[in-house]
There are 2 protein chains.
Amino acid sequence: MGAMPSVPRRAAGRPPRISRTEIIDTARRIVDEEGVERLTMRRLAGEIGSTPMALYHHVRDKDELLLLLLDDYAARMMRKPGLPAEPRERVVVVAAAIRAVLAPCPWIAEVLTADDLMSESALWFVEQILDGLAECGLSPERAVHGYRAIWYYTAGEIIVRAAAARRRAGDDRPTYRDRVFAGLDGTELPRLAEVAPQWAPLTAQDTYLDGLRALVDGLTR
Amino acid sequence: MGAMPSVPRRAAGRPPRISRTEIIDTARRIVDEEGVERLTMRRLAGEIGSTPMALYHHVRDKDELLLLLLDDYAARMMRKPGLPAEPRERVVVVAAAIRAVLAPCPWIAEVLTADDLMSESALWFVEQILDGLAECGLSPERAVHGYRAIWYYTAGEIIVRAAAARRRAGDDRPTYRDRVFAGLDGTELPRLAEVAPQWAPLTAQDTYLDGLRALVDGLTR
DNA sequence: ACCTGAACACCGTTCAAGT
DNA sequence: ACCTGAACACCGTTCAAGT
């Protein structure tokens, strides 16, 4: 999606040999093929046929590179959903759209910890959430806090589920949680004992929308 | 919290100069004082007055060390709060207690995103949340989903805020977000443009409890 | 059994210099 | 303005040897 806010200024001097676009495209390929942990500045520079330090002329540091990568991913994946007239439902639909784009991208968890999803392509989504909350009568300040609560919930859901999936992959040994549940004291912890056998299937269910609706209802009451 | 599965066997040979206890105590001090990213095997060994490789005689690798640290931390920090009679308020108080323990120690949240239950010491807290939700009329299944929603929100809040704090520390250069905000189109994104100047202070405010109350209200309506 | 020193194969980033 | 090479200050872990 759109150009970066600060478009590199063409001015006198040596013409650039590598571009931010080339950097991001190559980084994306490495991440897609081998995972985010294999993306290093040195490896990336080598792949481009340049030196690590040339990269620092186009991105501030590795964190910014990861942010740009997330932005790039979001820009090519984000599709604006149709907006319901009812403002609360609009908030739900837009938050769910953000989550739908980010959830299947496994390396994202590490970048998501950036303190907001504040890339260019996400702005429209944030705007819709703020607008929906405002139309429900929230002040601008409370709308921002409401958006943040929704973002916490969404980021948490994505990160926790991604970590669970990562851990589940290729490992049949009983987890630490299995062992804890096995030794559960049903008289001291009756609610847990009651649901313990169902815990795995229950927590595997996708209930993001239910929780999101509860949160939005609570925020706009 | 229980003994480790493999207790070091006392046998013939050279007497140990360092112990697993000393390793964990020192590691905890480093993490408490300077953050988990400063905990390295080399640094830890230096602090103990030994060598990196001596550590590998007492822990399998750095991952195991972090797991041991998590166990240790959970066991000594969790204090049961007083429980209000009103079930919704009970849920709020218990969730806030979990968050209060984990927030100053964000590295733990990143480790424990793998499972939603980190250890035996957390079970009592989960039980109270399930019980509060059940008393509000939720079925056992819906109570588990409600607990998960609260956990997503809590884990997300801790992780996002921790990342923001990390990013903020000692860096005055404008962030990526600053640049995105600077180029904001106020006619297309009026709500965002309105709050943009206030974004940093607004998102720095601690509104965990507000969001939590909204979520719990929404879950128990 | 426990510990050491050296080495391997890496990191991200700064700095000064080149074109 | 853009790029390079060398260097800085680190990593986790393996290996072979010492006590």
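The sequence lines fix the lettering, A, B, ..., with proteins before strands; numbering per chain opens at 1.
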Quick check on dC3(D): is either OP1 or OP2 less than 4.0 Å from any side-chain nitrogen or oxygen of H58(A)? yes
Nearest heavy-atom approach of A193(A) to G186(A) is CB-CA, 3.7 Å
Would you mind reading off the distance between R43(A) atom CZ and dA9(C) atom P, rounded to a whole angstrom? 17 Å
Among dC3(D), dT4(C), dG12(C), the nucleotide that comes nearest once only the side chain of S50(B) is considered: dT4(C)
Looking at D206(A) and R161(A), does any basic side-chain N land under 4.0 Å from a carboxylate oxygen? no
Whole angstrom value for the distance that separates P of dA16(C) from CE of M53(A): 13 Å
Just how far, in rounded Å, is P of dC3(D) from CG of L44(A)? 13 Å
Can you find a heavy atom in the side chain of R20(A) that is under 4.5 Å from one in the side chain of L68(A)? yes
Okay, side chain of H58(B), backbone of I23(B): is any donor-acceptor separation there less than 3.5 Å? no
Using the salt bridge (Lys or Arg N to Asp or Glu O under 4.0 Å) rule, take D210(A) and R213(A) through it: C-alpha gap first, then chi angles, then the decisive distance, then the call. CA-CA 5 Å; D210(A) 299 321; R213(A) 286 215 158 82; 5.6 Å; no
Measure up the Y147(B) and W199(A) rings against each other and bin them: parallel (under 30°), tilted (30 to 60°), perpendicular (over 60°). tilted
What is the distance, rounded to the nearest whole Å, between atom CZ of R60(A) and atom C1' of dG12(C)? 15 Å
Closest of dT13(D), dC3(D), dT13(C) to the P52(A) side chain is dT13(C)
OH of Y56(A) versus C1' of dC8(D): gap in Å, rounded? 13 Å
Rounded to the nearest angstrom, tell me the gap between atom CE in M41(B) and atom P in dC10(D). 18 Å
Looking only at atom P, what distance separates dC10(D) and dA9(C), rounded to whole Å? 22 Å
Can you check the distance between dC2(D) and dA17(C), where both ends of the measurement are the C1' atom (answer in whole Å)? 13 Å
Can you list the stems that DNA chain D is part of, where a stem is at least 3 pairs in a row, each Watson-Crick or G-U, with both distances below 3.5 Å? C:4-8 with D:12-16, C:12-16 with D:4-8
Between CG of L55(A) and P of dG12(C) the distance, given in whole Å, is 10 Å
Step-by-step salt bridge (Lys or Arg N to Asp or Glu O under 4.0 Å) determination, D32(B) to R29(B): CA-CA 5 Å; D32(B) 284 347; R29(B) 187 170 52 67; over 6 Å; no
What is the distance, to the nearest angstrom, from the CZ atom on R42(A) to the C1' atom on dA9(D)? 11 Å
Taking only the side-chain heavy atoms of T40(A) (C-beta and beyond), determine which of dC11(C), dC3(C), dT4(D) contains the nearest atom. dC11(C)
